[in-house]
Amino acid sequence: MTMHEPPFRDPSVPLADRIDDLVRRLTLEEKVGLLHQYQAPVERLGLGAFRTGTEALHGLAWLGPATVFPQAVGLASTWDLDLVRRVGEATSDEVLAFHHKDPAGAGLNVWAPVVNPLRDPRWGRNEEGYSEDPWLTGVMATAYARGLRGSAPEMLKTAPTLKHFLAYNNETDRCTTSSSMPPRVLHEHELPAFRPAIEQGAAVAVMPSYNLVNGRPAHLSPLINSVLREWAPDELLVVSDAYAPGNLTSLQGYHDTLPEAYAHAVKAGLDSFTQDDDRSQATLGHLREALEQGLLAEEDVDAAVRHALSIRLRLGEFDPATPYDDITDSVVNCPEHQALAREAARRSFVLLKNEGLLPLADVTRIAVIGQLGDTLMEDWYSGTLPYAVTARAGLAERCETIFCEAVDRVTLTADAGPVVADPAGGPLQIKAAEAGAFDLFDWGGGAYALRSVTTGRFVSVEAGTLVNDQPGPNGWEVRETFRTEERPRGTLALRHISTGCYVGAGEDGVLRLVDDADQAAWLAMEVVRSGTEQAARLAADADVAVVVVGDHPLVNGRETEDRMTLALASAQDAVVAAVRKANPRTVLVITSGYPLTWTDDEVPAVLWSAHGGQEYGHALAEVLFGDADPEGRLTQTWYRSEQELPDLLDYDIIASDATYLYFRGTPLHPFGHGLSYTTFEYADLRVRIADGVLTAEVTVTNTGDRPGVEVVQFYTHQQRSRVKQPLRRLRGFEKARLAPGESRTVTLTLPVPELAFWDVTRDRFVVESAPHQLMVGRSATDLRLSARFEVEGEIIPPQSGVLRAAGHDEYDAITFVDETKADGDAVRSDAEGAWILFRQVDLTGATTCVATAGSAEGGMITIRRGDPLYGQAVATVPVPRTDRYDYHAITAPLATADGVHDLYVVFENDGVTLVQLDFGAGA
């Protein structure tokens, strides 16, 4: 460093001192300019422009061709932390390469990974997450983030951002729905997914989610400062989701004015506003106004600026050089990354079923069939494929292949004539003297796409007119999908999914969108070639049929759109059944970002993978032909039907028996499931506890005649407890690669404190004195051995005194709400007779009950012993009318009830909000 350079540019100065020095040099106006996604340059100090937000979920996205790896849920299905780390590392290489070429276009703050546990497989963004298990999600996210951040201890390669905090698993009304989050679900299921990557310094930023949590927008969550930043070893940057700040006053109506809302956001811990794209003026104006009105202090701005500058300093922006300066374009889609993409895709395949058909042998001719048989899909957060090895292409390198998409070819005819596609890709038109045909693609959920046979292009909508100029469904606003609605005389109407408008025909015959259903054109659809029949004929003429089915990542399940069903698209399902009937040697290959169900139980072999990226076809061929053992294992439960799932907005997995942790039914395929081409035996399970650590050892042997990979999974179950415990919880796993006859001892090491659960009576984790069972096996339900062990811990005492309403044990017809706009949780009754239960309340010496409550209409609370309907009423509390967030402390006498009791707090009216109860002695 020269004598003229300031300390913030000196790498030898401690990071905190460098931040202090830089913040001191900035004016308030300059500091405010750093609070937007597009941070303003400060030329007098040599600070350039800086932008947060480069998408890198499973490879660099949106900036042009780059290596495309399997979707995140597919990466997790490898159960290989080192592989996931290497994929993150390769992705960060390519981010750096793009950044060095275009610093403004490719920023180094990457928005990945997604760590929302996959609570419900209908979530439109299921493909973006890792697992329904929070611990597995956490370790996978940490591995990927560690690859993104690089190996230099003090220097960031890129700055990974965890998405999306908090309790976010629905796209349906995602900006206005509130996720009710009981304390145990929060601390045992949601927060653990975020903790390890932050605590270990692998992720250095967090993005809040669009939804509300317990009635408060996630962007205003007090947990950002009180929990997330307490975990972080260094400064943690918090960036908003796109356009979420504006929702605080618009869709959510949580604050009346934007200066008020933005001030609250900064105080709650938000550092960077992703609002209005690169147009920062309005956002910065609201922040300046908040400062002028005294809603925000300069110290609040300083705190946010420190977090933002910390990332830039750790990225080496102000250093003479970084270890990553030499990364060039040569790394993008380089042979090493192509090989890694192939390895990741191969290891992600999960063999769901195999009745001896796989691995393929003595095969010379394969029929490749299905809508996904000769195409690869990009999803919203994938990169642009530099090349595509499809299932057909990969198998064609091994043997002769014959192929059909197995889609119906149809004509559409109105009274005035058939619908005809313009050969140049222009408008669709009804022409009496001509004929036209379309291939009909069924993507499930009633979503169809039409491809013109004349042009080979898909029907889309441009400026309200139907055209045929697209390669397929694409873009943020997918304009290429339609629903069908029945009309008289066997006709139908087409409804454009994106706009909700109908397809009508003008006097010129051109098809245009119309608002009124009565103006929709009545069209007769005639099948001129059956895709199902064509597929069956083709399958019958092959040694083996490989039917590749699944989802389109941009249709019927994606960001902004949840699924309503788990079922495979009906047309694709029919093809599977017809092909298997025509050729019993049928392999069903499912390619999807989420679990699916199908109807033909007699298919002898079923493989699943997420959308596998550019090397998918090579990987599929290697698994089908047995070059590699299928290594993948499911990271979420595959249910038999959506009927087995709770409501999409029910986030209480404990009360609703959701995920493998609590589900009591028999799933189609369990969490952790995946078959091998060989067999394994488990023996000699040994468990001991010493010095606060549980150690388990088991011997696993490959008892087959092929090399194979086993994912040895350890689970525990607490057999006696004050509270409802998971049926099993994953505690660790190890991938064992074993030659025929080879044995290996696999070890689990688990600190006893990790057996803790959240005690609502004392707001902390607790390890109970209780017997536990340790189980080991191949999945959550295929458990080969078990052993009992005892844990010495605490006995949770009865509770007394102040009982927080949100800390109850059970409830009915209750919603969790915000106590105040800034902090705290309360409960609100949703119906007459709603109740919450507090177990084991010691009322010894208590003579009064003070309820802190409020209600817009007033109401009554009755406290009963033992039963919400028939239990003795020990107190009756009238709740006066109050404004929202205005609570009264109402004192009521307590009937004689010495001793320990289970107390039901019964709400006699809906709309009553309760903050707490205080049982004490009278004055």
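Remember, predicted model here, so these are calculated numbers, not experimental data.
Under the 3.5 Å distance criterion, with hydrogens and angles disregarded, no donor-acceptor pair is assigned to the side chains of Ser272 and Gln37. Counted by atom type alone, Gln71 and Asp379 present one or more donor-acceptor pairs between their side chains at under 3.5 Å. Between the side chains of Tyr168 and Asn116, no donor N or O sits under 3.5 Å from an acceptor N or O. Using modelled atom types, one finds no donor on one side chain facing an acceptor on the other under 3.5 Å when comparing Tyr381 with Glu127. Counted by atom type alone, Tyr210 and Glu171 present zero donor-acceptor pairs between their side chains at under 3.5 Å. Side-chain contact annotation: Asn211 with Ser178, donor-acceptor N/O pair under 3.5 Å absent. Using modelled atom types and a 3.5 Å distance limit, the side chains of Thr384 and Glu378 yield no donor-acceptor pair. With 3.5 Å as the limit, one finds no donor-acceptor pair spanning the side chains of Asp469 and Ser460.
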Full working for side chain to side chain contact (heavy atoms under 4.5 Å, CB included) between Gln614 and Asn333:
CA-CA 10 Å; Gln614 62 200 50; Asn333 192 38; 2.9 Å; yes
Could you go through the side chain to side chain contact (heavy atoms under 4.5 Å, CB included) check for Lys163 and Val115 one step at a time?
CA-CA 6 Å; Lys163 303 187 331 186; Val115 295; over 6 Å; no
What's the verdict on side-chain hydrogen bond (donor to acceptor under 3.5 Å, both in side chains) for Tyr448 and Arg483, showing C-alpha distance, side-chain angles and the deciding distance?
CA-CA 6 Å; Tyr448 295 92; Arg483 300 194 193 283; over 6 Å; no
Decide yes or no on side chain to side chain contact (heavy atoms under 4.5 Å, CB included) for Thr54 and Trp111, but give the supporting numbers first.
CA-CA 6 Å; Thr54 295; Trp111 287 357; over 6 Å; no
Would you sort out whether Asp329 and Lys101 count as a side chain to side chain contact (heavy atoms under 4.5 Å, CB included), showing the intermediate values?
CA-CA 8 Å; Asp329 268 355; Lys101 183 171 58 178; 3.6 Å; yes
Step by step, would you call Phe273 with Tyr262 a ring-ring contact (aromatic ring centres under 6.0 Å, His included)?
CA-CA 9 Å; Phe273 288 75; Tyr262 287 9; 4.8 Å; yes
Can Asn170 and Tyr651 be said to form a side-chain hydrogen bond (donor to acceptor under 3.5 Å, both in side chains), step by step?
CA-CA 10 Å; Asn170 63 279; Tyr651 279 75; 2.6 Å; yes
Please walk me through it: do Tyr594 and Trp123 pass ring-ring contact (aromatic ring centres under 6.0 Å, His included)?
CA-CA 9 Å; Tyr594 43 65; Trp123 184 33; over 10 Å; no
Derivation of the salt bridge (Lys or Arg N to Asp or Glu O under 4.0 Å) call for Arg122 and Asp562
CA-CA 6 Å; Arg122 294 170 296 185; Asp562 295 311; over 6 Å; no
Begin with the C-alpha distance, continue with both residues' side-chain angles, and end with the deciding distance and a verdict on salt bridge (Lys or Arg N to Asp or Glu O under 4.0 Å) for Arg558 and Glu561.
CA-CA 5 Å; Arg558 54 158 292 170; Glu561 182 182 358; 5.5 Å; no
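A heavy-atom distance below 4.5 Å is found between the side chains of Arg489 and Trp522. Side-chain atoms of Ser592 and Trp608, non-hydrogen and from C-beta on, do get closer than 4.5 Å to each other. Annotation: side chain of Gln275 is in contact with side chain of Tyr243 (closest heavy-atom distance under 4.5 Å).
Taking the six-membered ring for Trp and the full ring otherwise, the centers of His496 and Phe482 sit less than 6.0 Å from each other. Checked against the 6.0 Å centroid criterion, the rings of Phe441 and Phe458 qualify as a close aromatic pair.
Under a cut-off of 6.0 angstrom, the local environment of CG in Asp102 is crowded, with over 12 non-hydrogen atoms contributed by other residues, nucleotides or ligands. Within a 6.0 Å sphere centred on CG of Asp516, other residues, nucleotides and ligands contribute more than 12 heavy atoms.
For the pair Arg451 and Glu405, the salt-bridge criterion is met [side-chain N within less than 4.0 Å of a carboxylate O]. Salt-bridge formation is detected for the pair Glu462/Arg479: a Lys NZ or Arg NE/NH1/NH2 atom is positioned less than 4.0 Å from an Asp or Glu carboxylate oxygen. A salt bridge links Asp508 with Arg512: the closest approach of a Lys/Arg side-chain nitrogen to an acidic carboxylate oxygen falls below 4.0 angstrom.
Across Ile430 and Ala414, no two heavy atoms sit closer than the pair CD1-CB, 3.6 Å. Scanning all heavy atoms of the two residues, the minimum distance from Ser348 to Gly74 falls at CB-O, 3.2 Å.
No donor-acceptor pair under 3.5 Å is formed between the side chain of Glu128 and the backbone N or O of Ala72.
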